Engineer: 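Below are the structure tokens for one structure; questions will follow.
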There are 2 protein chains.
Amino acid sequence: MANQLDSVFSAMADPTRRAVIERLLDGPASVTDLHGPHDMALPSFLKHLGKLEKAGLVRSEKTGRTRILHIEAAPMAAAEDWLAQQRRLWEGRLDRLQALAEALERPRT
Amino acid sequence: MANQLDSVFSAMADPTRRAVIERLLDGPASVTDLHGPHDMALPSFLKHLGKLEKAGLVRSEKTGRTRILHIEAAPMAAAEDWLAQQRRLWEGRLDRLQALAEALERPRT
DNA sequence: CTGTAACTTAGCCACATGGCTAACCAACTC
DNA sequence: GAGTTGGTTAGCCATGTGGCTAAGTTACAG
């Protein structure tokens, strides 16, 4: 996955990982805290955290025997920017189509 | 993939597919037109188109022997909305932190 | 210093993904 | 109606993903 958008979008393409993101927006948390609400074995859950971290959406640091994760907002902004740009282009195209339609409605004004 | 966000995010997690989206924002196009710039066999490319269509990002209709695809903007908006909401929550949290910091700076005003 | 809590690593499994070739069908073109 | 163009289907392959159990490690608690 060369592009950063690749890993960010693919990290967000999973409800478990999106739930983790939502939880972390409320503040940092430990692995077991985050794991709590999810009905899956810890190692499976850790893979999700790993993906989030590789995508740069989350950073973590271990103190003692517990690892604390916190969110990193920048990569999400990149994804949002891409989407916003596509929407602008799309809206621009609709505007041009409408202008064209109006021009066709009254051919000689 | 239960959620719609799942399939939309995962559809966008690939540069080929994002390129197709960008191209289609400029107007409808046939399969071979879309395939043109991509250095991969047609059947492989078709799988990408299939994923886009299953995610609802694209619709297509066959007339004669050529299939024309056009974009469907709504699902992208859903993804953008999710991201925008997370950002709002994140910014809200930063505001609260800053308020807290200021409150700590001058304890009795 | 023994026990337990909090990860971590290793390894297995089933299925999805992203690529390919080969062969096929359907519709224009000449 | 023979050839070509535009897709489509079938089937193979390597790798990635998302889940599991079992066993290991490391720090804190008593």
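Sequence lines set the chain letters: A, B, ... in the order given, protein chains first and strands last, and positions in each chain run from 1. Note that this is a predicted model, so its numbers are computed, not measured.
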Engineer: Rounded to whole angstroms, how far apart are CZ on A/F9 and C1' on C/dT17?
Structural biologist: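 So the two atoms are 19 Å apart, to the nearest Å.
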Engineer: Rounding to a whole Å, what distance do you find between A/L42:CG and D/dG19:P?
Structural biologist: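 Result: 13 Å.
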Engineer: Check whether any side-chain N or O of A/H48 sits under 4.0 Å from OP1 or OP2 of D/dG19, and answer yes or no.
Structural biologist: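 Affirmative; the distance criterion is met.
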Engineer: Could you state the CG-P distance from A/D33 to C/dA5, rounded to the nearest angstrom?
Structural biologist: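 Distance check: A/D33 CG to C/dA5 P gives 15 Å.
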Engineer: If you pin B/F45 and B/K54 to their nearest nucleotides in DNA chain C, which one's is more 5'?
Structural biologist: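 So the residue in question is B/K54.
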Engineer: Determine whether a donor-acceptor pair (one donor, one acceptor, N or O, separation below 3.5 Å) exists between the side chain of A/K47 and the base of D/dG19.
Structural biologist: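 A donor-acceptor contact between them is present.
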Engineer: Given D/dT21, D/dG18, D/dT9, identify the nucleotide with an atom nearest to the side chain of B/L46.
Structural biologist: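 From the listed options, D/dT9 comes nearest.
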Engineer: Could you check whether any side-chain heavy atom of A/F9 comes within less than 4.5 Å of a side-chain heavy atom of A/L83, counting everything from C-beta outward?
Structural biologist: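 A side-chain contact exists here, since the closest heavy-atom pair is under 4.5 Å.
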Engineer: Examine the base of C/dA27 for any acceptor or donor lying under 3.5 Å from a partner atom in the side chain of B/R65, and report the outcome as yes or no.
Structural biologist: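 When only heavy-atom distances are counted, B/R65 does reach the base of C/dA27 through a donor-acceptor pair under 3.5 Å.
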Engineer: Looking at the side chain of A/S30, which of C/dC7, D/dT9, C/dG18 is the nearest nucleotide?
Structural biologist: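 Nearest to the side chain of A/S30 among the choices is C/dC7.
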Engineer: Measure NZ/A/K62 against C1'/C/dT9 and give the value in whole Å, please.
Structural biologist: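 In whole Å, C/dT9 C1' lies 12 Å from A/K62 NZ.
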Engineer: Distance-only, no hydrogens or angles: does the B/R17 side chain make a donor-acceptor pair with backbone N or O of B/S10 under 3.5 Å?
Structural biologist: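 At least one qualifying donor-acceptor pair exists.
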Engineer: Measure the distance from CG on B/L34 to P on D/dT8 and round it to the nearest whole Å.
Structural biologist: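 From B/L34 CG to D/dT8 P: 12 Å.
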Engineer: Nearest of C/dG19, C/dC7, C/dT9 to any side-chain atom of A/T32?
Structural biologist: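 Between C/dG19, C/dC7, C/dT9, the one nearest the side chain of A/T32 would be C/dC7.
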Engineer: So, OP1 or OP2 of C/dC20: does either fall under 4.0 Å of a side-chain N or O from B/S44?
Structural biologist: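 Yes, because at least one side-chain N or O of B/S44 sits under 4.0 Å from OP1 or OP2 of C/dC20.
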Engineer: Ignoring hydrogens and geometry, is there a side-chain-to-backbone donor-acceptor pair from B/R18 to B/M12 under 3.5 Å?
Structural biologist: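 Yes, the answer is positive, given that a donor and an acceptor are paired below the 3.5 Å cut-off.
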Engineer: Should B/Q85 and B/R88 count as side-chain neighbours, where that means a heavy-atom distance under 4.5 Å?
Structural biologist: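 Side chain of B/Q85 against side chain of B/R88, heavy atoms only: contact under 4.5 Å found.
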Engineer: Would you mind telling me which of C/dC7, C/dC20, D/dT21 lies closest to the side-chain atoms of A/T66?
Structural biologist: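 The answer is C/dC7, which lies nearest to the side chain.
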